[in-house]
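Proteins get letters first, then strands, A, B, ... in listed order; numbering begins at 1 in each. Worth saying up front: this structure is predicted, and the values here are computed from it rather than measured.
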Amino acid sequence: MIDTKEALKKYFGFDSFKIGQKETIDSILRGADTFTVLPTGTGKSLCYQLPSYLMSGQTVIVSPLISLMEDQVSQLRQMGEKSVIAINSTLDFSTKKYVLAHLKEFKFIFISPEALNQEEVFNVFKRLNISLFVIDEAHCISEWGHDFRPSYLQLKENLNQLNQPLTLALTATATETVKKDIEQELFATRDFNEFIYSVNRENIYYQVEECEDKVEYLKQFLLTKNSPGIIYFSSKKEAERVAMLLNEILPYSVAFYHGDLSGADRIKIQQQFIHDEIRILCATSAFGMGVNKENIRFVIHYHLPDSLENYVQESGRAGRDGKQSISIILYQKGDERIHYYLQDESYHQKKDLLFLKGKTKEDLKKYDNSLTDIQKKWLNMLEKNNWNWEKFEQNLNSKQFEKRTKTQKMGFYIENKSCRRQSIINYFNNHYEKVSQEICCDNCTPDKIINFEEKDGTILKKEPFNSKELLKKLFLI
DNA sequence: CGGGCCTGATATACATCAGGCCCGGTGCGGTATT
């Protein structure tokens, strides 16, 4: 038996494992497919990096974001690992050709599910010697696979064609739905080990505020604070509007972050936030995955999150350093309707596709220009699945219903008068876990004063460059 | 889905209301073109 502890010291310089790591690594080294759920973002990459060093073949890591891949690549390179590459659209044509021709020489290969499904790429993967196939942020299969990023549902077929390599799925979100989807899509015909750790984040206080004037609430809250925080919005415009407003009245920088920003702006703002040059970020759900900022003291939801899964992901970005932090949802009746709309919207896009049923390939070419991106991808998938419309329509209806139900449950959480922490834990199906904390939530311990400010926190001066940048953006619209 | 806003009709000189319209998240990709 391999001494994993010795390997940990040798390759990473650590003396002991963090929670969940040893169990996961031992399982992989025994040759068992593994599904691991760890609550925070820290320490998950070691779960595949260490076994990778102890096995002779190559490790493939499927990752949802280019920025995530690049983080991991540079982290490995910093450790002195040269044999690492990310395959995605940032590679230019000739580099990509070169990399594919020499892919056998790389130990760690990061790739997006879309890139993996390009024919010329996948053909190369078939000839690799894959000792471990990792799906990082595996909840994306359930969250995005059914509509937003259908390539995630191709992984099942990819694994088949690669002769079922040893597979590891990693995530921080594991409701029954997510687990079911991952089981079905990745481990359908195989036994696998499952390691699920509590979602409870003891150092986060949970609070819900029903309020008419959310901006006023924010002003009151923020004027007495001096710590880094994120405010989540379900609309890009509103995130920008509130960021501008707060930037005027607060003595430090507030910026906004959403999917319309260019890649360069995203990187810049994220870096400034990580280095405390920007103190508060008004963001949509575009922000956060893979962001390792330890000292975020509060996460406020200006709008209702669309599900407890996403709420836990987003609020969980507070207090990575283990210090007392707070998560507040500002709720106003009707906040949920945008989610219902957006869920309908993606449903209707699928429904619009149904009129293509029965048409020949030649017929379909005529419509090609009028189809949305996502519709084209569905057509692509349907073709690969021999035009199984029946299955397609069934999925369409059940996924729509599932998403709506999740938003409704988020609404129940708001109204709930019992312990919020316990509600979250129950939702993630850890019913046997009973919590009781001195500092817990607004329902359990409303009288406890939450002091999460650093005593010696100094107010950094405003970055003039950045506020100018924000103003420029506003006037360009 | 549903709140907010504009428009036009009504009925009568200033306001009210019905009806229509608008708006809203997440990312891969080598799309074709100035």
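Arg279(A) contributes atom CZ, which lies 7.5 Å from atom OG of Ser227(A) (distance to the nearest 0.5 angstrom).
Remark: Lys225(A) qualifies as a cation-pi partner of Phe221(A) under the 6.0 Å distance and 45° angle criteria applied to the six-membered ring.
In this structure, His258(A) reaches the sugar-phosphate backbone alone: every heavy-atom distance under 4.0 Å involves primed, P, OP1 or OP2 atoms, never a base. At the heavy-atom level, Ser89(A) lies under 4.0 Å from base atoms of the strands shown. Among the heavy atoms of the strands, none lies under 4.0 Å from Arg404(A). As judged by a 4.0 angstrom heavy-atom cut-off over every strand, Gly259(A) is placed among residues touching the sugar-phosphate backbone only.
Atom name P, nucleotides dC28(B) and dT33(B): the rounded distance is 25 Å, in whole Å. Between dG8(B) and dC14(B), the distance separating the two C1' atoms is 16 Å to the nearest Å. Comparing the P positions of dG25(B) and dG29(B) gives a spacing of 23 Å, expressed to the nearest Å. Atom name P, nucleotides dA18(B) and dA11(B): the rounded distance is 13 Å, in whole Å. Nucleotides dG4(B) and dT31(B) are separated by 38 Å at their C1' atoms, to the nearest Å.
One atom, CD1 of Ile338(A), and another, C1' of dT26(B), lie 12 Å apart when rounded to the nearest Å. What separates NE2 of His339(A) from P of dT26(B) is a distance of 12 Å, to the nearest Å. At whole-Å resolution of the value, OH in Tyr302(A) and C1' in dG25(B) are 17 Å apart. Atom-to-atom, CZ of Arg337(A) to P of dC23(B) comes out at 14 Å; the value is rounded to the nearest Å. dT26(B) atom C1' lies 9 Å from atom CZ of Arg149(A), rounded to whole Å. Atom CG of Asp335(A) is separated from atom P of dC1(B) by 17 Å (rounded to the nearest Å).
The pair Lys97(A)-Asp92(A) fails the salt-bridge criterion, with no side-chain N (NZ, NE, NH1 or NH2) lying under 4.0 Å from an Asp/Glu carboxylate O. Note on Asp147(A) versus Lys403(A): salt bridge recorded, some NZ/NE/NH1/NH2 to OD/OE distance being below 4.0 Å.
Taking a pair to require two hydrogen-bonding distances under 3.5 Å in either a Watson-Crick or a G-U wobble arrangement, dT31(B) remains unpaired. In this structure dA9(B) sits in a base pair with dT16(B), meeting the Watson-Crick or G-U test at under 3.5 Å. Under the Watson-Crick and G-U wobble criteria, each requiring two contacts below 3.5 Å, nucleotide dC21(B) is paired to dG4(B).
For the residue pair Gln72(A) / Tyr48(A), a side-chain donor-acceptor distance below 3.5 Å is found, with atom types taken as modelled.
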